[in-house]
Amino acid sequence: MDRKDEKMAVMPVKKLMLSMGIKDGIKYGVLYTSIIMLIGTVVVEIFAQPFAKVFSLLGETETVFISAMHIITISFIFAGINIALQGVFQALNRGVESLVVSLGRQLVFVLPVAWILAKLVSHSKASNWLIWTTFPIAEIVTLIIAYVLMRKVNKAVLYTNRMNNMFFKGAEM
């Protein structure tokens, strides 16, 4: 396939994408993902104790498990938005931004925060539940970064879309 054939194949797809509105797709994708994660949060909050029974946990282990689940579920909605934005970045051919979000939520913020909180717990009277806050903290910090990256990408995409709208004005599908 030569460049002319590629252009002819891509133009209708671009025009369709522009007519649907990238911003609406992003908005509804993030909204739907957030709703799904909210449902997951509610389910885990309600059924934390039965889930502990599935794993045959008893006594202190069961208590720690239930406490951890209640704390970790706080991060579900933030995680859902982060995952949705990773998909948006990938769809917009912004792999670096997607990688930054992925590494932030799974490595860059989880390990240092967990280490710091573990040190606080071991050197003080702080409760072990504090360590489980690592996950909400990592997701929230990553979401802030993802939001900044999305604003940057949004400006670039809006500019490109304005240019494409001018280019495709007379093009037919």
Just verifying a value: how many Å separate [X] [atom1] and [Y] [atom2], rounded to the nearest 0.5 Å?
| X | Y | atom1 | atom2 | value |
| --- | --- | --- | --- | --- |
| Y32 | K27 | OH | NZ | 9.5 Å |
| I144 | L149 | CD1 | CG | 12.0 Å |
| L111 | Q106 | CG | CD | 11.0 Å |
| W132 | T134 | CH2 | OG1 | 9.0 Å |
| F78 | F135 | CZ | CZ | 15.5 Å |
| I81 | S34 | CD1 | OG | 4.0 Å |

Does some side-chain heavy atom of [Y] sit less than 4.5 Å from a side-chain heavy atom of [X]?
| X | Y | value |
| --- | --- | --- |
| V110 | R105 | no |
| E97 | K152 | yes |
| H70 | W129 | no |
| Q49 | E62 | yes |
| L117 | T133 | yes |
| F109 | I145 | yes |

Query - Distance-minimising heavy-atom pair for A79 and E139 - result: CA-OE1, 3.3 Å

Query raised in the report: Which pair of heavy atoms, one from G104 and one from T142, lies closest together, and at what distance?
Result: C-OG1, 3.2 Å

[Y] reachable from [X] in the ILVMFWY side-chain graph, under 4.5 Å edges:
| X | Y | value |
| --- | --- | --- |
| L38 | I46 | yes |
| V30 | V148 | no |
| I131 | V141 | yes |
| I71 | I66 | yes |
| L31 | I36 | no |

Query raised in the report: Parallel, tilted or perpendicular for F51 and F47, by the 30°/60° rule?
Result: tilted

Tell me if a side-chain donor or acceptor on [X] pairs with a main-chain N or O of [Y] at a distance below 3.5 Å.
| X | Y | result |
| --- | --- | --- |
| T63 | G59 | yes |
| T33 | G29 | yes |
| N82 | S102 | no |
| T41 | M37 | yes |
| T73 | M69 | yes |

Query raised in the report: Step by step, would you call L143 with L85 a side chain to side chain contact (heavy atoms under 4.5 Å, CB included)?
Result: CA-CA 9 Å; L143 182 59; L85 290 176; 4.2 Å; yes

